[in-house]
2 protein chains.
Amino acid sequence: MNLELTPIQAVACCSPLAREPISEEVAEQVSIVLKALGDPVRLRLMSLVASHEGGEACVCDLNDAFDLSQPTISHHLKILHEAGLLEREKRGVWAYYRARTESLENLASVIGGTAR
Amino acid sequence: MNLELTPIQAVACCSPLAREPISEEVAEQVSIVLKALGDPVRLRLMSLVASHEGGEACVCDLNDAFDLSQPTISHHLKILHEAGLLEREKRGVWAYYRARTESLENLASVIGGTAR
DNA sequence: CGTCAATATTTACGCCTGTCTATGTCTTGT
DNA sequence: ACAAGACATAGACAGGCGTAAATATTGACG
């Protein structure tokens, strides 16, 4: 089991950008997540997984949604996973990815200031 | 006066990522804004401006906050401006940047799903 | 066991990006 | 009109990133 905090969890104390100047460290952490989402393909991947029934999607389905090679999709999924935005679970031959909605919400609250 | 929509305004109808798979076009637009924020320097710049008194900050102040050359800061400010995140106003010799909080909130609602 | 199918990893390559230096453009003050 | 200061633009370069082809890994199934 992995107990490490993902980048976005490490700053999850809902401090909006506009309240006070964020530190270099926080900026570094948050920008990792933003950079992960800052690609059209990864944004669509994230949306595909998050909106899929059951909140998870199989890689085989995701591959078909793009005109890209399988390794490229795998590469993008890895980046989203490392940013703490996707969870990965292997069942049999297939790999399923699940969206971490908390991460999305945390990110949104950091950006938008509508902290909960 | 500029009537063009900024990238984030074009998809401002608060559709969260998780509700349905976003289109290629929307992904392209939103990723521009995310990419703009997906850099530690620009994230700090955005936070500095947004949290500054009066909601605006002079470039001269911003330069001092970083160990980077003045043209580099200018470059980052331009990217944030083109993404619709900062407004620019020149008063005398000085240039002032103001945060577009609507853009931040729109982005947050697209990401977080906590649409208003 | 050996083959096949689903994913991941490695390697390589062209393009994009962050940075700096040098230069340009305005505005103000003399 | 000229000099100085604030900021933007242009050009150049190194490192990072998205992509594909080739290869490795893992699990299912005969």
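All chains are named by letter (A, B, ...) in the order of the sequence lines, taking the proteins before the strands, and each is independently numbered beginning at 1. Bear in mind the structure is a predicted one, so any value in this text is a computation, not a measurement.
- Nucleic acid contact class of B:Leu62 (heavy atoms, under 4.0 Å, all strands): none.
- Put simply, CD1 on B:Ile79 is 8 Å from C1' on C:dT17, counting in whole angstrom units.
- Going from atom CD of A:Glu89 over to atom C1' of D:dT26 covers 16 Å, rounded to whole Å.
- Checked against D:dA20, C:dG18, C:dC20, the side chain of B:Leu68 finds its nearest nucleotide in C:dC20.
- Taking both residues in full, the closest heavy atoms of A:Ala36 and A:Ile79 are given as CB-CG2, 4.0 Å, listed atom of the first, atom of the second, then distance.
- Rounding to the nearest 0.5 Å places CZ of B:Arg44 at 12.5 Å from CG of A:Leu17.
- Under the 4.5 Å side-chain criterion, counting only non-hydrogen atoms from C-beta, A:Gln70 is in contact with A:Ser74.
- Between the P atom of C:dT7 and the CG atom of A:Leu86 lies a distance of 15 Å, rounded to the nearest Å.
- If you measure from atom CZ of B:Phe66 to atom C1' of C:dC20, you get 17 Å, rounded to the nearest angstrom.
- A salt bridge does not link A:Glu56 to A:Arg88: none of the charged nitrogens lies less than 4.0 Å from a carboxylate oxygen.
- Shortest non-hydrogen contact noted between B:Glu28 and A:Pro40 is OE2-CG, 3.6 Å.
- Using a 4.0 Å cut-off between charged nitrogen and carboxylate oxygen, B:Arg100 and B:Glu87 count as a salt-bridge pair.
- Near DNA chain C, meaning a heavy atom under 4.0 Å away, there are no residues from residues 43-56 of chain B.
- For A:Arg42 and A:His76, the side-chain atoms include at least one donor-acceptor pair closer than 3.5 Å.
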**Asked** Going 5' to 3' along nucleotides 4-15 of chain D, which nucleotides have protein heavy atoms under 4.0 Å from the base (write B), which only from the sugar-phosphate (write S), and which from neither (write -)?
**Response** --SBBB------
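- Across all their heavy atoms, B:Val49 and B:Tyr97 have their closest contact at CG1-O, 3.2 Å.
- OP1 or OP2 of D:dT19 lies within a sub-4.0 Å distance of a side-chain N or O belonging to A:His76.
- Taking all atoms of both residues into account, the shortest heavy-atom contact from A:Ala99 to A:Met46 is CB-CE, 3.9 Å.
- If you measure from atom CD of A:Glu82 to atom P of C:dA8, you get 12 Å, rounded to the nearest angstrom.
- Positionally, the nearest nucleotide of DNA chain D for A:Lys35 lies more toward the 5' end than for the other of A:Lys35 and A:Arg91.
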